[in-house]
Amino acid sequence: MTDEIVESLRAGDKVLINGVIYTARDAAHKRMVEGLEKGESPPFDLKGQIIYYVGPTPPKPGQIIGSAGPTTAIRMDKYVEPLLKLGLKGMIGKGYRSPQVRELLIKYKAVYFAAVGGVATLLAKTIKSSEVIAYEDLGTEAIRKLVVEDFPAIVANDIYGGDIFEEGRKRFARIDL
């Protein structure tokens, strides 16, 4: 993803993601950030990339990947800034992000996409290839390089401070008189 693409996205936009994305969950994020703190390079070039917070299940015979639904994003919040500094442009997960991460998205020009939870099998059908590229010992939490076609997501947080979760709360808040 380029800055131009990120600048064109607004909270609430529905998108279909095509191309390469990488998977990483809690354990992979922790290991990546600890490596960065020791001066090590990340296992893939983060510049312009998207990380999908997912730990897919093992594939059944004939499948490329097992169920691949999003995990709760806020658990990765403490690891976000070092990755954004290296050029990460997008993250896909489930649920809201902390105010600190929303500020970091503005600062580093990146977006957070929400994927629908509960449809892991359907999301897996958009994955055309899957290859473990790092931390194989982490099993389902290993980092994978995925090629996706028409992966559905919603821009949850944009670089303008837009937040679909906050907007939804405001829209449906009750006013007691």
Within the 4.5 Å heavy-atom criterion, are [X] and [Y] side-chain neighbours or not?
X      : Y      : answer
Leu36  : Leu83  : yes
Val54  : Pro70  : no
Asp158 : Asp13  : no
Thr126 : Ile17  : no
Leu105 : Val111 : no
Ile92  : Ile21  : yes
Val155 : Phe113 : yes
Leu123 : Pro152 : yes

Partner set under side chain to side chain donor-acceptor pair (under 3.5 Å) for [X], not counting sequence neighbours:
X      : value
Glu167 : none
Tyr52  : none
Gln100 : Ser98
Glu37  : none

Dump the intermediate steps for side chain to side chain contact (heavy atoms under 4.5 Å, CB included) on Asp150 and Asn18, then the final yes or no.
CA-CA 6 Å; Asp150 293 338; Asn18 290 284; 3.3 Å; yes
Would you sort out whether Leu146 and Ile65 count as a side chain to side chain contact (heavy atoms under 4.5 Å, CB included), showing the intermediate values?
CA-CA 10 Å; Leu146 305 179; Ile65 199 166; 3.9 Å; yes
Are [X] and [Y] linked, directly or through other ILVMFWY residues, by side chains that come within less than 4.5 angstrom of each other?
X      : Y      : answer
Ile164 : Val15  : no
Ile5   : Leu16  : no
Leu104 : Phe165 : yes
Met91  : Ile159 : no

Considering all heavy atoms of both residues, which atom of [X] and which atom of [Y] are nearest to each other, and what is their separation?
X      : Y      : result
Asn157 : Arg97  : OD1-CG, 3.7 Å
Met1   : Val6   : CE-CG2, 3.4 Å
Gly66  : Ala124 : O-CB, 3.3 Å
Ile64  : Ile127 : CD1-O, 3.7 Å
Leu84  : Ala110 : CD2-CB, 3.5 Å
Gly93  : Ala73  : CA-CB, 4.3 Å

Let's go through Met32 and Ile143 carefully: what are the C-alpha distance in whole Å and the side-chain angles of both, what is the deciding distance for side chain to side chain contact (heavy atoms under 4.5 Å, CB included) to 0.1 Å, and is it a yes or a no?
CA-CA 10 Å; Met32 266 195 296; Ile143 294 179; 4.0 Å; yes
Residues pairing under ring-ring contact (aromatic ring centres under 6.0 Å, His included) where one sits in residues 70-104, two or more places apart or in two chains, turn out to be none
How long is the straight-line distance from [atom2] of [Y] back to [atom1] of [X], given to the nearest 0.5 Å?
X      : Y      : atom1 : atom2 : answer
Tyr108 : Ile106 : OH    : CD1   : 13.0 Å
Leu9   : Tyr160 : CG    : OH    : 8.5 Å
Phe151 : Ile50  : CZ    : CD1   : 9.5 Å
Met76  : Asp26  : CE    : CG    : 4.5 Å
Tyr22  : Leu88  : OH    : CG    : 11.5 Å

Strictly by side chain to side chain donor-acceptor pair (under 3.5 Å), give each pair with a member in residues 1-11 just once, sequence neighbours left out.
Thr2-Glu4, Asp3-Lys89, Glu7-Lys109
Is it the case that Arg25 places NZ or CZ above or below the six-membered ring of Tyr53, under 6.0 angstrom from the centre and within 45 degrees of the axis?
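No - Arg25 does not lie over the ring of Tyr53 by the 6.0 Å and 45° rule.
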Within the distance-only criterion (no hydrogens, no angle test), does the side chain of Glu141 pair as donor or acceptor with the backbone N or O of Gly55 below 3.5 angstrom?
no
Does Thr57 use its side chain to pair, donor to acceptor, with the backbone of Ser67 at less than 3.5 Å?
yes
Between Glu103 and Lys107, does at least one N-O distance fall below 4.0 Å, as a salt bridge requires?
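Between Lys107 and Glu103 there is no salt bridge, as every charged N stays at least 4.0 Å from the carboxylate O atoms.
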Ionic contact status for Arg31 with Asp137, cut-off 4.0 Å
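So Asp137 pairs with Arg31 through a salt bridge.
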